[in-house]
Amino acid sequence: MLHVDMDAFYASVMIRDRPELHDVPVVVGGGHRGVVLSANYPARRFGIRSGMSGVEAHRLCPDAVTLPPDFTLLTPVSKAIMETFRTVTPVVEVTSLDEAFLDVRGAGRLFGSPEAIAERLRSRIRAEHGITCSVGIAATVSVAKLGSRLAKPDGVRVIPPDRFVAEVHPLDVGVLYGVGEATRQRLHRLGLVTVGDVAAIEPDQLRRMLGGHLGAHLHTLVWGTDRSELRPGGAGVFGFGEGEPEGSMGSQHTLAVDLTDRARLHRELLRLASRVTARVRGAGRVGRTVALTVRFSDFTTVNRSRTLAEPTDVTQEVYDTAVALLDALLDAMAPRRPSVRLLGVRVEGLRRVRDGDSRQLALGERDPGWPDADRAVDQAADRFGSSAVRRASLLTAADSAPRPPGWPVQAIR
DNA sequence: TCTGGGGTCCTAGGACCC
DNA sequence: TCTGGGGTCCTAGGACCC
């Protein structure tokens, strides 16, 4: 099993063709109210890490160059790299734009040892894309993942089963794939600091201490015996695979300023619902549950959801449901008028559209016009770009400027 | 001028049915 | 009249990942 992880992927790709930025600190993401997505190694020398707030990064290194992520650049590079992986094995589990697990057990005859395969992939990626990556080699997913982390940057680390205890048991439990900050704190409070400390606990006791699933899972992690079979295709980073879905699609946005005004919040919900349902339709899916996320200024976050009688991909239905959920939430909090920092809309319980769905969707008590309006919006977006068509209620003053001939009409309601 | 946006999975309680 | 389990669906929250 190989885990291949690009080094500072977003930053590396964004500055690849800009040599003047190679040796200066570069931060991708961050900015106004955002967090750092990626930082190159010069920036990391100042203590900048991904996940940190943009403000914090700026404090650590005011001279760093900040770039927004350009997915028209990043996505093709990612896809090409994943295709390179598939030249050595068909069993590739893609977990994000910049990392994947490879089952190379069947590739030995053609390509040699896992170490040889790792070096082969690393040199191809360096030659074809001008970026480096790190590889972990082990028997299971979590150990391979740990290996690539320990190998960074630009290295390879093998952790064979017979060296697992010696190499991993002395480390902090937080290094394990699946042990985040909350679980790490919980274990530390129980006096379990290293991986070895947790390994010394009987599985039954671990389950009693932490709950059935987490206890059992943790026991496999501390002995390096978690899963060794991959799920080819992965988590649908580039869209769904062929299997029946389950799953969800959502969109959320931190507002430029916190808002209390309902009309403006509703407008934001319309923007989010439009974006989400366009993706749902584009994937040929419908979903039954609409979920709303609201983060308030004090950073408390609540979720409200409603399951519809029939699955939908109709913008108006998702929007109406999200508005109802938000209004009910805010009404329940009255007379306080909490200010909202972030809104999110998600469609859950997705499944593939079946024959006859579209007719069903257009009948019954539903407004028959909306699916047609959605289709028109999708077609115009295909031709002119997603910013070409918006509800009139989302137009700003700048949008009323004259348009070039042939530019599509914008108003739908 | 603290703390993004895209997801998955698990837990737990209540409703409802058998 | 009281007592009971199991299963499924829905909702809310939380942990985790990149």
Side-chain angles (χ1 to χ4, degrees), chain A residues 3 5-6 8-10 27-38 49-60 62 66 68-69 71 74-75 78 93-101 141-142 145-146 148-149 174 176-187 207 210-218 221 231 234-240 245-258 272 275-276 279 283 288-309 325 328-329 332 341-350:
Chain A
H3 181 253
D5 195 343
M6 304 303 127
F9 179 68
Y10 288 40
V27 171
V28 177
H32 178 47
R33 303 177 93 185
V35 301
V36 174
L37 293 171
S38 176
R49 297 284 180 271
S50 53
M52 152 184 300
S53 81
V55 173
E56 172 80 352
H58 182 75
R59 198 177 57 73
L60 288 169
T66 299
F71 288 96
L74 295 163
T75 306
S78 172
E93 181 174 323
V94 179
T95 56
S96 74
L97 278 189
D98 72 330
E99 61 181 81
F101 293 95
V141 161
S142 87
K145 171 79 189 174
L146 176 57
S148 70
R149 199 181 329 172
L176 297 173
Y177 185 46
V179 177
E181 196 47 38
T183 305
R184 178 175 174 271
Q185 298 273 344
R186 215 172 140 189
L187 292 167
R207 279 195 289 269
L210 298 164
H213 189 271
L214 181 57
H217 182 55
L218 207 50
L221 291 180
R231 303 157 189 158
V237 183
F238 301 119
F240 288 101
E246 281 305 289
S248 65
M249 287 184 173
S251 192
Q252 59 179 53
H253 182 64
T254 297
L255 305 166
V257 292
D258 295 353
L272 294 166
R275 202 183 314 167
V276 173
R279 286 175 54 213
R288 260 189 81 200
T289 301
V290 177
L292 170 78
T293 298
V294 183
R295 176 130 74 222
F296 297 103
S297 319
D298 66 359
F299 235 72
T300 57
T301 306
V302 299
N303 296 285
R304 291 292 181 269
S305 64
R306 178 172 299 171
T307 299
L308 308 173
L325 290 169
L329 175 64
R341 176 188 177 88
L342 169 147
L343 285 175
V345 174
R346 178 163 291 276
V347 179
E348 302 174 341
L350 296 178

- Starting at the 5' end of DNA chain B, what dot-bracket string do you get if Watson-Crick and G-U pairs under 3.5 Å are bracketed, crossing pairs use [ ], other-strand pairs use | and unpaired bases use dots? ....||||||||||||||
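If you check every strand for non-hydrogen atoms under 4.0 Å, A/V179 touches sugar and phosphate atoms only. A/G211 comes within 4.0 angstrom of nothing in the nucleic acid, heavy atoms only. Using a 4.0 Å heavy-atom criterion, one finds that A/Q252 contacts the bases of the nucleic acid, with or without backbone contacts as well. Among the heavy atoms of the strands lying under 4.0 Å from A/L37 is at least one base atom, whether or not backbone atoms are also near. No engagement by A/L292 is indicated, since no non-hydrogen atom pair under 4.0 Å with the nucleic acid exists. Among the protein residues, A/H32 comes within range of the sugar-phosphate backbone only, with heavy atoms under 4.0 Å from sugar or phosphate atoms but none that close to a base. A/R59 comes within 4.0 angstrom of no nucleic acid atom, judged by non-hydrogen atoms across all strands.
To the nearest angstrom, P of C/dC17 lies 15 Å from CG of A/D98. Protein atom CG of A/L210 is 18 Å distant from nucleotide atom P of C/dG14, rounded to whole Å. The CG-C1' distance, from A/L214 to C/dG14, rounds to 12 Å in whole Å. Taking atom NE2 on A/H213 and atom C1' on C/dG14, their separation rounds to 15 Å, with Å as the unit. Here B/dT3 presents its P atom at 12 Å from CG of A/L255, a figure rounded to the nearest Å. The separation between A/D258 atom CG and B/dC2 atom C1' is 12 Å, rounded to whole Å. Here B/dG4 presents its P atom at 15 Å from CZ of A/F71, a figure rounded to the nearest Å. In this structure, the CG atom of A/L187 is 14 Å from the C1' atom of C/dC16, given to the nearest Å.
When the nucleotides B/dT1, C/dC18, C/dA15 are ranked by their closest atom to the side chain of A/V55, B/dT1 comes out on top. Counting only heavy atoms from C-beta on, A/L342 has its side chain closest to B/dG5 among B/dG5, C/dC16, B/dT3. Of the candidates C/dC18, B/dG6, C/dG13, C/dC18 carries the atom nearest the A/Y177 side chain, counting heavy atoms from C-beta on. In the set C/dC18, B/dT3, B/dG5, the nucleotide with an atom closest to the side chain of A/R341 is B/dT3. You'll find that the side chain of A/R275 is closest to B/dG6, out of B/dG6, C/dA15, C/dG13.
Every side-chain contact (heavy atoms from CB on, under 4.5 Å) that A/L210 has, sequence neighbours left out, goes to A/R186, A/L187, A/L190, A/L206, A/L214, A/L218. With sequence neighbours left out, A/S148 forms a side-chain contact (heavy atoms from CB on, under 4.5 Å) with A/H3, A/D5. Listed by chain and residue number, nothing satisfies the ring-ring contact (aromatic ring centres under 6.0 Å, His included) test with A/F296 (two or more places apart in sequence, or in another chain). Residues passing the side-chain contact (heavy atoms from CB on, under 4.5 Å) test with A/N303 are A/T293, sequence neighbours excluded. Under the rule for a side chain to side chain donor-acceptor pair (under 3.5 Å), the partners of A/T289 that lie at least two apart in sequence or sit in another chain are A/T307.
Among residues at least two apart or in separate chains, salt bridge (charged side-chain N to carboxylate O under 4.0 Å, His left out) pairs with a member in residues 49-60 of chain A are A/E56-A/R59. Listed by first and then second residue, the salt bridge (charged side-chain N to carboxylate O under 4.0 Å, His left out) pairs that reach into residues 289-309 of chain A come to none, sequence neighbours excluded.
Proximity of A/R295 to the phosphate of B/dT3: no side-chain N or O atom is located under 4.0 Å from OP1 or OP2. Taking only side-chain nitrogens and oxygens, A/S50 never comes nearer than 4.0 Å to OP1 or OP2 of C/dC18. Applying the 4.0 Å criterion to OP1 and OP2 of C/dC17, one finds that A/K145 has every side-chain N and O outside that range.
Using bins of under 30°, 30° to 60° and over 60° for the plane-to-plane angle, the ring pair A/F101/A/Y177 lands in the tilted bin.
Atom CZ of A/R275 is separated from atom NE2 of A/H253 by 7.0 Å, given to the nearest 0.5 angstrom. Between atom CG of residue A/L97 and atom OH of residue A/Y10 there is a gap of 4.5 Å, rounded to the nearest 0.5 Å. Note that the OG atom of A/S38 and the CG atom of A/L74 stand 9.0 Å from one another [nearest 0.5 Å].
More than 90° away from 0 lies the glycosidic angle of C/dC2, which makes this nucleotide anti.
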Strictly under 3.5 Å: I want the nitrogen or oxygen pairs between protein and nucleotides 8-11 of chain C, one per line.
| from | atom 1 | to | atom 2 | distance (Å) |
| --- | --- | --- | --- | --- |
| C/dC10 | OP1 | A/R288 | NH1 | 3.4 |
| C/dC10 | OP1 | A/R288 | NH2 | 2.9 |
| C/dT11 | OP1 | A/T307 | N | 3.4 |
| C/dT11 | OP2 | A/T307 | N | 3.1 |
| C/dT11 | OP2 | A/T307 | OG1 | 2.3 |

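A stacked arrangement is assigned to A/F299 and the six-membered base ring of B/dT3, with a centre-to-centre distance below 5.5 Å and an interplanar angle below 30°.
The gap from the P atom of C/dC18 to that of B/dT3 amounts to 22 Å, rounded to the nearest Å.
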